Amino acid sequence: MNQIRNAKPEDLEAIVNIYNYAIRSKFETADTEEIKWQERIPWFNDHDPAKFPIFVCVQNEVITGWLSISPYRPGRHALRFTMEISYYVHPDFKRKGIGNKLLEHGIAESKNLQYKTLFAIILEKNEASIELLSKYGFQQWAHLPAVADFDGIECGQVYYGLKIA
């Protein structure tokens, strides 16, 4: 059974391992070089669980996926109710409902935190994420054509947004 909980510092290595898989898969993130978990400590510490939580989905003590709620353009007061969500699923658990659980939880928690707008920035070739976001009412709000280059293969980026309040 999958359980969703706030991420703990000891989860960071598993979170980064999942993210690195997305980097290797191409078109799941615009990063092209894997990172070390130690490099993500500042990112993790910037995610105050009371305001900008990171959630992990856990099954039998294995982290199967994660979702973060991050401020959009921090320091710009007029944007304080707009959050970016990011989520990634462990390769062994894709297409098993993990993304659904994480997204449902992230939307509900964002409402509890009194945020008004959520959006995800994804690569246009990431059809699985487009399908998932659309299922929960997200709509394409922007398209940046051919802004990413993967060794000569260009790809656009899309913003999918949802008003939650």
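Everything numeric in this text was worked out from a predicted model, so none of it was measured.
Closest approach of Pro53 and Pro49 over heavy atoms only: CB-O, 3.7 Å. In terms of heavy atoms, Ile15 sits closest to Ala7 at CD1-CB, 4.0 Å. The shortest heavy-atom contact between Ile4 and Lys101 is CD1-O, 3.3 Å. A pairwise comparison of heavy atoms in Val16 and Lys36 identifies CG1-C, 4.1 Å as the closest pair. Shown here for Leu102 and Gly65, the closest heavy-atom pair between the two residues is CD1-C, 3.7 Å.
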Listed pairs under 3.5 Å, donor-acceptor, residues 108-117 side chains, sequence neighbours left out:
unit_1: Ser110; atom_1: OG; unit_2: Gly106; atom_2: O; d: 2.8
unit_1: Tyr115; atom_1: OH; unit_2: Lys51; atom_2: O; d: 2.4
unit_1: Thr117; atom_1: OG1; unit_2: Lys163; atom_2: NZ; d: 3.0

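Between the side chains of Ser129 and Tyr87, a donor-acceptor pair is found at a separation under 3.5 Å.
Ionic pairing of Asp31 and Arg24 is not present here: no N-O contact between side-chain nitrogen and carboxylate oxygen is shorter than 4.0 angstrom.
For Glu84, the salt bridge (charged side-chain N to carboxylate O under 4.0 Å, His left out) test picks out no residue, with sequence neighbours left out. The side chain to side chain contact (heavy atoms under 4.5 Å, CB included) check on Ser25 picks up Tyr21, Glu28, with sequence neighbours excluded. Under the salt bridge (charged side-chain N to carboxylate O under 4.0 Å, His left out) criterion, Asp48 pairs with no residue at all, not counting sequence neighbours. For Tyr136, the side-chain hydrogen bond (donor to acceptor under 3.5 Å, both in side chains) test picks out Asn100, Glu104, with sequence neighbours left out. Applying the salt bridge (charged side-chain N to carboxylate O under 4.0 Å, His left out) rule to Arg95 yields the partners Glu131; only residues at least two apart in sequence or on another chain are considered.
Aromatic rings of Trp66 and Phe55 (six-membered ring for Trp) have centroids beyond the 6.0 Å cut-off, not under it. Between Phe119 and Tyr72, the ring centre distance stays below 6.0 Å.
A cation-pi arrangement is not found for Arg40 relative to Trp37, the charged atom failing to lie both closer than 6.0 Å to the ring centre and inside a 45° cone about the ring normal.
Asp11 places a side-chain N or O within donor-acceptor distance of the main-chain N or O of Lys8, the cut-off being under 3.5 Å. A distance-only check finds a donor-acceptor pair linking the side chain of Glu124 to the backbone of Gly156 [under 3.5 Å].
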Handout entry: Stepwise ring-ring contact (aromatic ring centres under 6.0 Å, His included) check, Phe150 with Phe27
Key = CA-CA 8 Å; Phe150 293 89; Phe27 308 120; 4.9 Å; yes

